[in-house]
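Labels below follow one simple rule: chain letters A, B, ... track the order of the sequence lines, proteins then strands, and each chain is numbered from 1.
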Amino acid sequence: MSGTSFDTVREAVAPPAGGRDLGRRGFIKGGVALAAGAAVSLKLRLDAVAAEPAYKMDDHWWAFAIDTTKCIGCGSCVRACKAENDVPDGCFRTWVERYTITRDPKLHVQTEAEKTSAAWALGGLQKVTVDCPNGALDGFPTEAPVEDAKTIEKAFFVPKICNHCATSPCVQVCPVGASYLSPDGLVLIDREVCVGCGYCVQACPYGTRYIHPVHGYADKCTMCYHRISKGLKTACVEACPVGARAFGNLKDPKSKIRQLLGTSRFKLLRPELGTNPKCFYIGLDEEVR
Amino acid sequence: MSHDDSEANGKRPGFLSTAYSRRLFGLLFVALAVAFGVRAALKPATYGQYGSYRGAAIEDERSRTPALQGKATCAKCHASEFDKHDKDVHLNVECESCHGPGKAHVQAREAKAPATQGKLFTELGPDQCLRCHRKTAARPALHPTIDRTEHYAFRGVNDPATPCQSCHSPHEPLFLERKVTDARMHPLIHPCADCHLDRETLKKPLPAGHVVTFQCQDCHKEIAKDAATKKHTGVDCSTCHIFRKDSDFSGRIFKNGNPRFCLMCHEKKPFKTQGKIPLIEGFKQHVEEMAADESEKTKRCADCHLEEKIHGHQDALRAAALQPPAAVSPTDAKAPETGDDKSDKLAVDPAGTKAGGKAAPTAPATKEATP
């Protein structure tokens, strides 16, 4: 992302027009004015909205990152997304799943699958419960989705979102060219062209699409294209109180996401499907599909 | 064979030589022309600009106006509230996460509409707080969570309908005096909870042969020793010196001298029953009651209670520890000597082991090892 606060400072400190032959007084005056300007721009954290140069698609290749170890499952992202994009009730562009892995040592049924997995060595019956009450729009109202909290071996939240796949099946199946991969790496939908046939909804292996119940077109996460192209953060990244979500431009070596991916181990969701997803998961568990 | 013959005989008519085939091809041509014409008329102008889709659709998507305003917008009018919020640990919670999307609010205020229009949520129910702070097995261990019933029982809150805001300010949950991001980075980066996700395990004493973990008292010897002799000895170091983990490699420890922080536990409220924790009527009344003269009315909790109830001042304690025994000054003399006999009387809370900030249990008990 080029709209960092550092850019704001640089813009503010750039010399004013005609400032070549300043006298000492002029220099000091200008310096004071510039310092004040820099301080103000820092204070207000304008995120360089105004200073953002015309957006160039060719300079961008957007990607998303989610740190599952940080997520607290509050659902702020889901609510922010709903407010920002007018997502209808019961549909979700992003949602949070809770994985609860329980192990009951008394109930040891050794299946063939268990013999070949790491879980076998631990003994007991392992069970994975995934719940997502109303997409976590109101967080998770229960302590755990299982009866006996003592059997919980581990539990964690996994936020889900469109992976903006580089070779996306949803784009491939669209019969009218309404789903497309934009030159800056986003899978978007042309609402005017979409006929709402729903092929893409079925093609998406991550279940990130829905047919809009009112307008009838297919709809999905746009990675808040209207925000990020203006130098703002996506609604969900902005709303996340623990910094579990990040996005950025993979073409920019200084971007947040490049730094994040350069310093952490990540995994993709279902890479074997050949969709080349661009949502990188940090700390993803084996059980997550 | 017959085919060759007929051609040789010149009986076969030439291509387009009959009216029939001329009509046929003419029709085909017209159909194609119409098809191309219709396509040209119906095809969006920007189709194929970037690929097999309408190029202008990208601009359509990009040109939507953002609905969420962001906290910078809120700060323009609500500066004092924003400064409080920006200083404390909720700084990363967006205003709109609790108050609702602000688009209508900003539009109404810009249009100078009556105050009833574009009103935002200002009253939060406990459910809103618990979205983040409900005790849930899946939450990262360092995130502060409560079971509401347990929490209220522990704090002596009678009425279960008491709103969270009666004690906690959502804008400044810890009443920090310095900005969170100015707090010092602390090298204690792997608290117990990093490995032990299960809170029940955390409550047990260290098993024999457990890897040595740094505890507060390993470095802050003098303070820990002194604190063990004072009233607050059952309280975790981390209850007041809250540890906030930033990443796997860094975290911060807050030092907080704000009386409002102490009052979260020690203020008398209509819904609280007097338990073990001493409660005062209100900070102002208490100071005025206790002050000997006008100059003492500006005192804060730590000015009177730190040495007596919590622990001595770090610098004094350190100086005392560094000095040879003969030259102990009268002010710090009480710390090391009286320490040992008093600490026996005051039980150490074995539950207070969260966030690696436990003050006292140094000797690992050999009770049971977790498998």
Side-chain angles (χ1 to χ4, degrees), chain A residues 44-47 55 57 69-76 79-80 83-86 98-100 138-144 149-150 152-157 174 177-184 186 188-193 222 224-227 229-230 232-233 235 238-243, chain B residues 44 47-68 70-73 75-76 79 86 89-94 96-98 100-103 127-128 130-140 143-145 147 197-198 200 245-249 371:
Chain A
L44 290 180
R45 299 171 175 208
L46 281 173
D47 283 333
Y55 176 76
M57 280 198 283
T69 62
K70 284 185 179 168
C71 181
I72 57 166
C74 61
S76 298
R79 292 188 292 279
E84 177 67 45
N85 300 300
D86 220 353
R98 172 165 65 181
Y99 280 69
T100 309
D138 298 305
F140 289 80
T142 54
E143 188 181 336
K150 279 192 186 129
I152 298 176
E153 185 168 72
K154 69 174 163 184
F156 48 86
F157 296 106
C174 181
S179 278
Y180 59 93
L181 179 73
S182 72
D184 39 6
L186 296 176
L188 300 171
I189 295 164
D190 186 346
R191 291 177 179 180
E192 283 183 22
V193 172
T222 60
C224 284
Y225 195 33
H226 60 296
R227 292 175 67 91
S229 57
K230 295 181 182 86
L232 296 165
K233 288 179 182 170
E238 183 100 39
C240 182
V242 291
Chain B
Y47 182 88
Q49 189 182 357
Y50 304 108
S52 49
Y53 57 93
R54 196 172 61 93
I58 299 182
E59 187 51 41
D60 287 356
E61 193 60 54
R62 204 190 296 147
S63 58
R64 282 165 53 207
T65 39
L68 293 177
K71 50 185 175 183
T73 311
K76 283 180 196 163
D86 202 37
V89 284
H90 273 172
L91 85 164
N92 288 330
V93 180
E94 273 290 311
E96 288 163 296
S97 288
C98 297
K103 195 179 183 180
D127 280 345
Q128 268 103 316
L130 290 175
R131 273 173 189 163
C132 296
H133 296 292
R134 179 182 286 110
K135 187 177 158 191
T136 303
R139 296 224 147 107
H143 184 72
T145 55
D147 177 308
L197 298 170
D198 154 33
E200 295 304 312
K245 196 172 160 176
D246 287 346
S247 73
D248 276 354
F249 312 103

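- Considering all non-hydrogen atoms of both residues, Thr136(B) and Phe157(A) come closest at CG2-CZ, 4.0 Å.
- Contacts of Cys174(A) with chain B are absent, with no heavy-atom separation under 4.5 Å from either backbone or side chain.
- A distance of 12.0 Å separates CG of Leu68(B) from CZ of Arg79(A), quoted to the nearest 0.5 Å.
- Closest heavy-atom contact between Tyr53(B) and Pro183(A): OH-CD, 3.5 Å.
- Nearest heavy atoms, Ala138(B) versus Phe156(A): CB-N, 3.5 Å.
- Legend: residues meeting side-chain hydrogen bond (donor to acceptor under 3.5 Å, both in side chains) with Asn92(B), ordered by chain and number and at least two apart, are absent.
- Closest approach of Lys230(A) and Ser63(B) over heavy atoms only: NZ-C, 4.3 Å.
- Looking at Thr73(B), there are no atoms closer than 4.5 Å to chain A (heavy atoms on both sides), in backbone or side chain.
- When the candidates Ala239(A), Ser76(A), Cys240(A) are compared by the number of heavy-atom contacts under 4.5 Å with chain B, Ala239(A) comes out ahead.
- Using a 4.5 Å cut-off between heavy atoms, Asp86(A) does not touch chain B at all.
- Chosen from Ala149(A), Ala144(A), Cys74(A), the residue pairing most often with chain B at heavy-atom distances under 4.5 Å is Cys74(A).
- Annotation: side chain of Arg131(B) is in contact with side chain of Asp138(A) (closest heavy-atom distance under 4.5 Å).
- The side chain to side chain contact (heavy atoms under 4.5 Å, CB included) test applied to Tyr225(A) returns Tyr55(A), Met57(A), Trp62(A), Asp184(A), Leu186(A), Leu188(A), Thr222(A), Ile228(A), Ser229(A), Ile58(B), Glu61(B), Arg62(B), not counting sequence neighbours.
- Among Gly177(A), Ala235(A), Gly139(A), Ala178(A), the residue with the largest count of heavy-atom pairs under 4.5 Å with chain B is Gly177(A).
- Per-residue counts of heavy-atom pairs under 4.5 Å with chain B were compared for Cys224(A), Pro141(A), Ser182(A); the largest is that of Pro141(A).
- For the pair Glu84(A) and Ala67(B), the tightest heavy-atom approach, listed with the atom from each and the gap, is OE2-N, 2.8 Å.
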* To do: I would like to know whether Asp60(B) and Arg191(A) meet side chain to side chain contact (heavy atoms under 4.5 Å, CB included); could you show each step before the answer?
  => CA-CA 9 Å; Asp60(B) 287 356; Arg191(A) 291 177 179 180; over 6 Å; no
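- Ser179(A) does not touch chain B: none of its heavy atoms, backbone or side chain, sits under 4.5 Å away.
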